[in-house]
Number of protein chains: 2
Amino acid sequence: MANGMTTERTAHRDAFSPDTASTRLHRALRVRLCEGDFTPGEVISIRRIAAEYGTSAMPSREAVRWLVTEGALIFSDSRKIIVPELSHDRFHEILFARKNLETEVSRQAFDNIAGTDIEALERIDERINTAIAQGDLVSYMRGNYQFHFHIYRLSHSQVLLPLVEILWLQYGPSMRYICTRWGASSIADDYHREVTQALRRGDRSAFCQAIAADIEQGMLLLE
Amino acid sequence: MANGMTTERTAHRDAFSPDTASTRLHRALRVRLCEGDFTPGEVISIRRIAAEYGTSAMPSREAVRWLVTEGALIFSDSRKIIVPELSHDRFHEILFARKNLETEVSRQAFDNIAGTDIEALERIDERINTAIAQGDLVSYMRGNYQFHFHIYRLSHSQVLLPLVEILWLQYGPSMRYICTRWGASSIADDYHREVTQALRRGDRSAFCQAIAADIEQGMLLLE
DNA sequence: CCTCTGCTAGTGTGATCACACTCGTGTGAT
DNA sequence: ATCACACGAGTGTGATCACACTAGCAGAGG
């Protein structure tokens, strides 16, 4: 049980899902992928994961293979399971899809965002800013994930939300990799401030545009 | 080996995927789900599927659980795996997401659609029309799937296309169910003719609108 | 006649082993 | 020194079994 095998509820499983060793491992690995705990190209061995989490190979095998069907892991040429290295085109495709789906999810969430939610978002944004100031990349990526999905969950969308999570699973490792290459300065200017301010004004249009701008800002790192 | 366990290439696995008993079974079940071979509420037993396809429980277990992570199957209250019965809201959500994603995928595919593709689409549409005339629901659903994904595959999108397939997996069984309730007459007026005619004129805008209209037409069945 | 108990068949889950394949390495022959 | 073969460690896959749990039913006891 080396890493945080939490049972916290992620949004991906809207329907009932039994709490088994496989599902716990699956959730734990999902979080690690979204937060960039793995390096693109890294080999993910079923037996090694099983040993890390103190289970047999069976739950590990299921969790890893589920991640393959979600596109978060892929097969290498030699039948090994690895963390994908996204090509430039594919990374751009994911960000384009993110902009498309996440602005729509945000639009649906807008009416359900209460004052307490705005305060929670501002607290998360503060933590993100201190993480950036300290160059703490892990805390930044975790905060960024929490900020976006605090909003998206309020959409109560049972269809689009799982699709958005798949996109984050796929781009998480590469995003972490790109950030380490560019340094913390490259992510200094996100649009979270614009997001919360638009929410305080009750300006739905500006809110959606700020979300889109925040995602588009990630595309600039590719050029 | 009761049902068609084909090895035909579906679009969902853009990356390399080994050809094993599990993946073959997974593909076979995906096709059956998209074509409406299963009834909402039907129990999917791992051992029974294994017996049907003449394999052991292991590949069946993997294939079925993969479909659960894709949202094509869900857990019932008593831990059994069943084909989901979509609520009205959820069905509407899926169609909304389909309209959003599939018009975008079509827009990307437009430049890659050659004359031979248009002819292929017209041939598929003819088969669909005869299926409707004969009240052959299975052939209709298969043709409809082929028509749409012949277009979508030409987008060469590695990200959006798997998401679209997930949506079809989820709504396939319920769509079949709805069609049987309404009879073949309800699906008589699709927009496939408008799609191919817009392609012949080279009118991208009209093409995308026809795709969107074809999907929206499905929403009318819900009211 | 009703009720409660216990059996049975079925479910998914987890563990373990055998197999085929790949990659690297070391050893032996040329 | 160089090349070739073989061995070993590691990989995912498939089969099989034991376990816990659930639903249904049959039968004994009230």
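Below, read A as the first sequence line, B as the second, and so on, with proteins coming before strands; counting in each chain starts at 1.
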Nearest 0.5 Å please: distance from the CG atom of Leu160(A) over to the CD atom of Glu104(A). 6.5 Å
Asp111(A) atom CG: more than 12 heavy-atom contacts under 6.0 Å: yes
Does [N] have its OP1 or OP2 closer than 4.0 Å to a side-chain nitrogen or oxygen of [X]?
X: Ser78(A); N: dT22(C); answer: no
X: Ser45(A); N: dT11(D); answer: yes
X: Arg65(A); N: dT13(D); answer: yes

Atom [atom1] of [X] to atom [atom2] of [N]: distance rounded to whole Å?
X: Met58(A); N: dG12(C); atom1: CE; atom2: P; value: 13 Å
X: Arg48(B); N: dT11(C); atom1: CZ; atom2: C1'; value: 12 Å
X: Ile46(A); N: dG12(D); atom1: CD1; atom2: P; value: 4 Å
X: Arg24(B); N: dT13(D); atom1: CZ; atom2: C1'; value: 11 Å
X: Asp19(A); N: dC21(D); atom1: CG; atom2: P; value: 14 Å
X: Lys80(A); N: dT22(C); atom1: NZ; atom2: C1'; value: 8 Å

Do Thr23(A) and Ser17(A) meet the criterion of a side-chain donor-acceptor pair at a distance under 3.5 Å? no
Ring centroids only, cut at 6.0 angstrom: are Phe96(B) and His92(B) within range, meaning strictly under it? no
Suppose we call a contact any N or O donor and acceptor under 3.5 Å apart; does that hold for the side chain of Arg47(A) and the base of dG10(D)? no
Has the side chain of Arg61(B) got a donor or acceptor that lies under 3.5 Å from a partner of the other kind on the base of dG14(C)? yes
Base, sugar-phosphate or nothing for Ile44(A)? Non-hydrogen atoms, less than 4.0 Å. sugar-phosphate
Pairing check on dT16(C): which nucleotide meets the Watson-Crick or G-U wobble criteria with it, both distances under 3.5 Å? dA15(D)
Where each residue is assigned the nucleotide of DNA chain C containing its nearest heavy atom, which of Pro18(A) and Asp77(A) is assigned the position nearer the 5′ end? Pro18(A)
